[in-house]
Amino acid sequence: MSVLKGLWPLGAGLVFLGLLGQIIPQVMNPYYFSILIYAGINITLASSLNLVNGLTGQFSMGHAGFMAVGGYVAAFMNMSLFMDVHFAGMPNYVSEGFFLFLSLIVGGTAAAILGYVVGLPSLRLKGDYLAIVTLGFGEIIRVLILNMDFIGGARGIPGIPQWTNFFWVYGVALVCIVSINRLMDSSHGRALLAVREDEIAAEATGVNTTKYKVIAFVIGAFWAGVAGALFAHFLTYLNPSTFDFNRSFEIIIMVVLGGMGSMTGAVFAAIFLTVLRESLRPLQELTQLDFRMVIYSLMLIILMLTRPNGFFGTKELTDFGWFKRFKKKLGA
Amino acid sequence: MSETLLEFKNVNVHYGAIHALKGVSFQAKKGEILTLIGANGAGKSTTLRAMSGMLKPSSGEVLFKGKRIDGTRADHLVAMGIGHAPEGRGIFANMTVEENLTLGAYLRKDKQEIQKDLEHVYELFPRVKERLWQVAGTLSGGEQQMVAIGRALMSRPEILLLDEPSLGLAPQIIEKIFEIIVKVNKEGMTIVLVEQNALLALEIAHHAVVLETGSAHTQGKASELLASDTIRKAYLGE
């Protein structure tokens, strides 16, 4: 997995995304652009859930809950404090970028802290039980927000500044993927895999299984929170019903369809599913019937029947022969 | 003669309302093989789990090198020098054999020494070396058991706990595994061996504890137990 050693690929990637971010909104129609943004946010969500569900083997169903926390905290912070703050003598995008970045960190951290609080007791549970607890947690978050009037309650919060752009979405996705990739390359990553493979054996080899499960869960929650903050600042409107359990399932589907434990699969499935849902839209207009979700579900069933391990199984891009040959050609 | 490495003092374990271990006491001497034998449900695995920190005794003391270790977390015990090859082999099925072995040295930082220990494991198990790049789940049962023991050795323990290494293996393979256990012991390793196969276990062990419904029924020199009529009748099926 160690393709991305050192800091320069990350730096180069961010610069490249920055340039691309200047061009893409100019040449792309806004509808396609919004799909592109949602795909990017979904990449972060799927990759981070893959760390918990795929790589550490814990079945969490509460990702939408963490996303909601990140989104609401970031939006509330920016709207009540920084919305009209500008740095003197600097263009607007500097202050916007700065406060967006700040809110991503704060939103992510809030979700991570909550992940710790939820994870510590519930990660002692296994399999189905953990799934039920996290599912319940997600619903609790949604209902809590529904009843908090100062953040809009059921009406939601409108008028969040639209600061999220191509660079931030894909920059976050890149940092998320690279950081998880590095983590899995380290001895900590091997410990996480050991927990997935066999908890008793992991303990017998000296892995503190509870600690590592909580670490994976907290990191997953952090990135979900960051993705939620990006989402809030793109849609400009948050509503509790956006974060119901369907949202969590959607992310789980991405992880399962891509292949549990494959980062490549998570990224691929996130893009694939985001595009698939939208590409079925013309069909609806054509037939005047809402067949979209029926066909979407049908395609998922067919895909899981024909590829039960997902698109990639546990494989990564770097595990394929042609990629290795390509790397050799580059002389790496 | 030799010093006591691990000691159970009147240990009780409860699973809810079930009293699984009833005041068990015994000692494992340094450099010896101690075997725990007994029928199904006698408490063999429970005893081993109380040793390796996988469960906490409800009362009594477990001492390792004179220090109390009951209630200490399993991963800390590994760091203290207790190696454990869990029941049913418990290998990491989707990882390669080499990854399995290196994970055994997970808590260690001394790379050169780890390499030395790897070589040592290859020496003990030439079969394992042949399969180094194979995914561990595709190995035969005997090979998986070898990987599990090898992995436990990789933490460079002072005492090695083996939970039914013969489980589900062909007699020939069992013999091979037991030969290796004896070899590891001859190199100075203290071993606690839990076995269903009482005859085989008594043949290689120095001391034995016979467990029956949660208490230590008999204990003593393995050779004496092997010769005793009551033991032969009750546990060796004669």
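Here is how names work: the chains are called A, B, and so on, in the same order as the sequence lines, proteins then strands, and each is numbered from 1. Nothing here was measured: the structure is a model prediction, and the numbers come from that model.
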Engineer: Might you confirm whether atom CZ of Phe245(A) has over 12 heavy atoms from other residues, nucleotides or ligands at distances under 6.0 Å?
Structural biologist: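 Count not over threshold, so no.
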Engineer: Would the number of heavy atoms belonging to other residues, nucleotides or ligands and lying under 6.0 Å from CG of Asn246(A) be above 12?
Structural biologist: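 Enclosed: over 12 neighbouring heavy atoms sit under 6.0 Å from CG of Asn246(A).
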Engineer: Got a sec: does the OH of Tyr116(A) have more than 12 other heavy atoms crowding it under 6.0 Å?
Structural biologist: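 Open.
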Engineer: About how many Å separate OG1 of Thr209(A) and CG of Asp75(B), when rounded to the nearest 0.5 Å?
Structural biologist: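 Interatomic distance, Asp75(B) CG to Thr209(A) OG1, rounded to 0.5 Å: 7.5 Å.
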Engineer: Which heavy atom in Met95(B) sits nearest to a heavy atom in Arg190(A), and how many Å separate them?
Structural biologist: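 For Met95(B) versus Arg190(A), the nearest heavy atoms are CE-O, 4.2 Å.
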Engineer: Any chance CG of Leu183(A) has more than 12 other-residue heavy atoms, nucleotides or ligands included, within less than 6.0 Å?
Structural biologist: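 Counting neighbours around CG of Leu183(A), more than 12 heavy atoms of other residues, nucleotides or ligands fall under 6.0 Å, so yes.
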Engineer: Could you tell me if the side chain of Leu193(A) sits less than 4.5 Å from the side chain of Phe92(B), heavy atoms only?
Structural biologist: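 No, their side chains stay 4.5 Å or more apart.
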Engineer: Might you confirm whether atom OH of Tyr15(B) has over 12 heavy atoms from other residues, nucleotides or ligands at distances under 6.0 Å?
Structural biologist: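 Yes, OH of Tyr15(B) has more than 12 neighbouring heavy atoms, counting only those of other groups under 6.0 Å.
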Engineer: When only pairs under 4.5 Å are counted, which of Gly261(A), Gly206(A), Ala194(A) shares the most heavy-atom pairs with chain B?
Structural biologist: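 Highest number of pairs under 4.5 Å: Gly206(A).
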Engineer: What distance separates Asn208(A) CG from Leu107(B) CG, expressed to the nearest 0.5 Å?
Structural biologist: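 Nearest 0.5 Å value for the CG-CG distance: 9.5 Å.
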Engineer: Given that the side chain runs from C-beta out, which part of Ile91(B) has a heavy atom under 4.5 Å from chain A: side chain, backbone, both or neither?
Structural biologist: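 Ile91(B) touches chain A through backbone heavy atoms alone.
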Engineer: So how far is it from Met54(B) CE to Glu203(A) CD, rounded to the nearest 0.5 Å?
Structural biologist: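 Here the rounded value is 4.5 Å.
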Engineer: Looking only at heavy atoms, what is the nearest atom pair of Ile200(A) and Pro86(B), with distance?
Structural biologist: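 Answer, listing the atom of Ile200(A) first, then Pro86(B): CG2-CB, 3.9 Å.
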Engineer: How far does CG of Asp198(A) sit from CG of Leu103(B), to the nearest 0.5 angstrom?
Structural biologist: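 Between Asp198(A) CG and Leu103(B) CG, I get 11.5 Å after rounding to 0.5 Å.
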Engineer: Could you look at Ala93(B) and say if it's the side chain, the backbone, both or neither that has a heavy atom under 4.5 Å from chain A?
Structural biologist: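 Both parts, backbone and side chain.
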